Peer 1: 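First the structure, which I've put down as structure tokens, then a few questions once you've had a look.
Just so we're on the same page: letters track the sequence lines, and every chain starts at 1. All of these numbers come straight from a predicted model, not from anything done at the bench.
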Number of protein chains: 2
Amino acid sequence: MDKDNDLTIRQPVAAKPKIPPPSIFAKPFARSTDPGVVQLLTEDEQAALIAISRVVEFRRHTVIYPEGGRSRFVYNVISGVAETYCLLPDGERRVSSFLFPSDLLGLSENGEYVATAQALTPLTAYKMPFEDLARLVRRDPDLDVVFLCKLCHELRQAERHTVTAIHNDARARVAGFILWLWRSEVTALTDDTTVTLPMLRHDIADYLGLSTEAISRALHQLETGGLIQRRGPRALQLLNIQELRRAAREI
Amino acid sequence: MDKDNDLTIRQPVAAKPKIPPPSIFAKPFARSTDPGVVQLLTEDEQAALIAISRVVEFRRHTVIYPEGGRSRFVYNVISGVAETYCLLPDGERRVSSFLFPSDLLGLSENGEYVATAQALTPLTAYKMPFEDLARLVRRDPDLDVVFLCKLCHELRQAERHTVTAIHNDARARVAGFILWLWRSEVTALTDDTTVTLPMLRHDIADYLGLSTEAISRALHQLETGGLIQRRGPRALQLLNIQELRRAAREI
DNA sequence: GTCATAAATTGATTCAGGTCAGTTTTCTTC
DNA sequence: GAAGAAAACTGACCTGAATCAATTTATGAC
């Protein structure tokens with residue numbers, strides 16, 4: 001129960017003034033690896049975005065949108081964590097990404113969602129009709145640049161994920177994943193070293209191209225080595241971040 | 001020598017009217033998996049792009065731009081093949097992408113090239129000052145949409161690459177790579193089944209997260225199985241595309 | 001709280017692919 | 001065309017992760 005509260009704001013979104021400011025649009029590079037690059041939108045631009053947005057809530061394990069569905073809406077995560085996955089013909093699930101506050105969901109290539117998006121925790125998000133957004137962007141070139149940059153950033157992140165996932169062993173992949181989670185989570189604002197794992201081992205395994213058993217063993221290794229400490233299956237304590245980064249081959 | 005001629009137009013670009021039409025802008029989705037989606041620019045838009053572009057040539061193994069360099073130019077491949085890679089602290093090379101005619105090179109997140117781009121074959125490309133391009137895009141929202149879609153498409157391709165690379169064995173990865181090359185090469189226009197491999201085994205290995213030996217063995221396997229035939233180290237004949245697609249787990 | 005079920009962990013075995021070594025082929029330069 | 005160098009291939013061996021099986025721990029319903 002504590003864990004859920006850590007991850008999301010559970011209070012109902014009743015009065016509009018009470019909701020947090022639009023995350024991604026206010027700081028599209030909040031999670032950039034380059035901390036110098038933060039691009040802000042003007043008040044007017046934020047207001048215009050809020051005007052076409054609706055705040056929506058999803059409960060744990062709810063589908064936000066289904067693979068193959070007509071992509072009419074774009075979402076911008078406010079709080080909580082989501083994942084996207086495709087279902088293969090043989091029934092396998094293939095996790096393609098995890099989304100955190102400020103991340104953008106649902107942009108598609110050809111008007112069709114390419115993956116199913118599902119809430120892993122209670123989740124709140126801005127929901128924008130794609131058409132309205134496109135119209136807004138068309139009128140405001142600056143807004144467009146923000147989107148381009150955001151996409152570019154995501155592209156780089158996807159490339160980075162490929163490269164690290166492909167060339168590292170299980171221990172390094174898991175170490176890297178933990179660090180990524182740590183940096184992604186809202187709790188990163190306070191400088192505590194607790195990481196919450198809102199997804200199943202199965203999802204992590206799939207995302208990293210490993211088996212669930214390999215995840216367990218890698219966590220065990222990292223714990224034995226004194227880099228982390230497991231506090232139940234959903235929480236980790238980072239004991240030695242310097243060593244973790246080395247284990248993830250970031251150094 | 002024959003091979004080089006297959007891949008690139010070697011004649012000097014003297015008279016402007018003789019150069020081929022701007023590839024990507026004319027058909028940004030030429031290599032999309034969804035053949036229905038082809039978005040064309042108007043004559044005016046193409047002319048505007050050509051006006052700010054200069055056609056440049058690179059010889060084999062020439063660096064187009066270096067990692068970390070100030071990203072002042074964006075390139076659009078006309079003919080030839082390029083690769084991008086990062087150099088790791090330990091001297092390792094990490095190949096992040098291969099670029100074909102109509103592909104876009106050099107878009108960066110923060111004004112700095114994130115990888116080195118190198119020509120694998122003689123290469124011609126449109127070279128555009130980023131500033132001019134940005135100004136053009138700012139004035140013409142339609143152009144912007146083209147770029148957004150292109151980026152979106154590349155993002156999906158990167159995700160697809162991750163997913164396939166991570167979950168498949170060596171044989172499947174190599175089969176998939178061969179098919180991707182086949183579909184990417186200019187020769188795909190004629191329906192011949194020859195695939196040219198302009199890059200080294202080392203580069204393929206790195207891109208797919210395998211060893212060079214594993215590439216050799218996988219090619220051997222595919223040849224033994226009657227799916228392909230090796231015609232020297234730089235050329236392959238596809239004998240059974242249906243089976244190749246199955247081997248690549250595309251079906 | 002107890003029970004039922006799902007998830008996570010641990011151990012034993014197997015196998016794909018990495019590594020190392022050696023050979024053959026191809027490319028380059030004279 | 002010949003010689004040297006680089007790249008590609010092949011084989012032998014070994015490591016790391018998948019798989020299978022069993023146990024422990026956590027979660028959710030009552």
Peer 1: Rounded to whole Å, please give me the gap between CG in Leu120(A) and C1' in dA7(C).
Peer 2: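 Rounded to whole Å, this separation is 15 Å.
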
Peer 1: Within the structure provided, determine whether Tyr207(B) and Ile166(A) are in side-chain contact (heavy-atom separation under 4.5 Å).
Peer 2: no

Peer 1: Is any NZ, NE, NH1 or NH2 atom of the basic residue among Arg93(A) and Glu83(A) found under 4.0 Å from an Asp or Glu carboxylate oxygen of the other?
Peer 2: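 A salt bridge links Arg93(A) with Glu83(A).
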
Peer 1: Does Arg173(A) reach a base, just sugar-phosphate, or nothing at all? Heavy atoms under 4.0 Å.
Peer 2: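 Since no nucleic acid heavy atom lies under 4.0 Å of Arg173(A), the category is nothing.
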
Peer 1: To the nearest Å, give me how far apart CG (Leu210(B)) and P (dA8(D)) are.
Peer 2: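 Atom-to-atom, Leu210(B) to dA8(D), this comes out as 15 Å.
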
Peer 1: It should be established whether Arg230(B) places a side-chain nitrogen or oxygen under 4.0 Å from OP1 or OP2 of nucleotide dC9(D).
Peer 2: yes

Peer 1: What nucleotide among dT9(C), dA7(D), dT19(C) has an atom nearest to a side-chain atom of Glu213(B)?
Peer 2: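 The answer is dT19(C), which lies nearest to the side chain.
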
Peer 1: NA contact type, Leu200(B), heavy-atom cut-off 4.0 Å: base, sugar-phosphate, or nothing?
Peer 2: sugar-phosphate

Peer 1: What integer distance in Å separates Gln221(B):CD from dC9(D):P?
Peer 2: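 Nearest whole value for this atom pair: 14 Å.
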
Peer 1: Is the closest side-chain heavy-atom distance between Val74(B) and Leu104(B) below 4.5 Å?
Peer 2: yes

Peer 1: Using side-chain contact (heavy atoms from CB on, under 4.5 Å) as the criterion, point out the one residue from Val174(B), Thr164(B), Val95(B) that pairs with Leu208(B).
Peer 2: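 Going through Val174(B), Thr164(B), Val95(B) one by one, the side-chain contact (heavy atoms from CB on, under 4.5 Å) with Leu208(B) is satisfied by Val174(B) alone.
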
Peer 1: Less than 4.0 angstrom between a side-chain N/O of Arg201(B) and OP1 or OP2 of dC9(D), yes or no?
Peer 2: yes

Peer 1: Compare side-chain N and O positions of His220(B) against OP1 and OP2 of dT10(D) and report whether any pair is under 4.0 Å apart.
Peer 2: yes

Peer 1: In whole Å, I'd like the distance from the CZ atom of Arg217(A) to the C1' atom of dG11(C).
Peer 2: 8 Å

Peer 1: Return the 5'-most residue of the pair Met199(B), Gly232(A) with respect to DNA chain D, ranking by each residue's nearest nucleotide.
Peer 2: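 Nearest nucleotide further toward 5': that of Met199(B).
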
Peer 1: We want to know whether Thr124(A) and Glu57(A) form a side-chain donor-acceptor pair, criterion being a heavy-atom distance below 3.5 angstrom.
Peer 2: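 No donor-acceptor contact under 3.5 Å links the two side chains.
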
Peer 1: Rounding to a whole Å, what distance do you find between Asp203(A):CG and dA6(C):C1'?
Peer 2: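 Rounded to the whole Å, the gap is 14 Å.
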
Peer 1: Can you measure Ile215(B) atom CD1 to dT19(C) atom P for me and round it to whole angstrom units?
Peer 2: 13 Å

Peer 1: Can you check whether Arg59(A) reaches Thr121(A) side chain to side chain, under 4.5 Å on heavy atoms?
Peer 2: no

Peer 1: Tell me which of His61(B) and Ala214(B) sits closer to the 5' end of DNA chain C, going by the nucleotide each one is nearest to.
Peer 2: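 Looking at the nearest nucleotide for each, Ala214(B) comes out on the 5' side.
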
Peer 1: At under 4.0 Å, does any side-chain N or O of Arg234(A) touch on OP1 or OP2 of dA7(C)?
Peer 2: no

Peer 1: Does dT25(C) have OP1 or OP2 under 4.0 Å away from a side-chain N or O of Arg231(B)?
Peer 2: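 It does not, given that no N or O in the side chain of Arg231(B) lies less than 4.0 Å from OP1 or OP2 of dT25(C).
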
Peer 1: The side chain of Ser211(A) lies closest to which of these nucleotides: dG17(C), dA18(D), dA17(D)?
Peer 2: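 Of all the options, the side chain of Ser211(A) is nearest to dA18(D).
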
Peer 1: Give the nucleotide from the list dA8(D), dT9(C), dT28(C) with an atom nearest to the side chain of Arg60(B).
Peer 2: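 Selected nucleotide: dT28(C).
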
Peer 1: From the options dC9(D), dA8(C), dG17(C), select the nucleotide whose nearest atom is closest to the side chain of Ser216(B).
Peer 2: dC9(D)

Peer 1: Measure CD1/Ile166(A) against P/dG18(C) and give the value in whole Å, please.
Peer 2: 11 Å

Peer 1: Could you check how far CD1 of Ile204(A) sits from C1' of dA7(C), rounded to whole Å?
Peer 2: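 Atom-to-atom, Ile204(A) to dA7(C), this comes out as 12 Å.
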
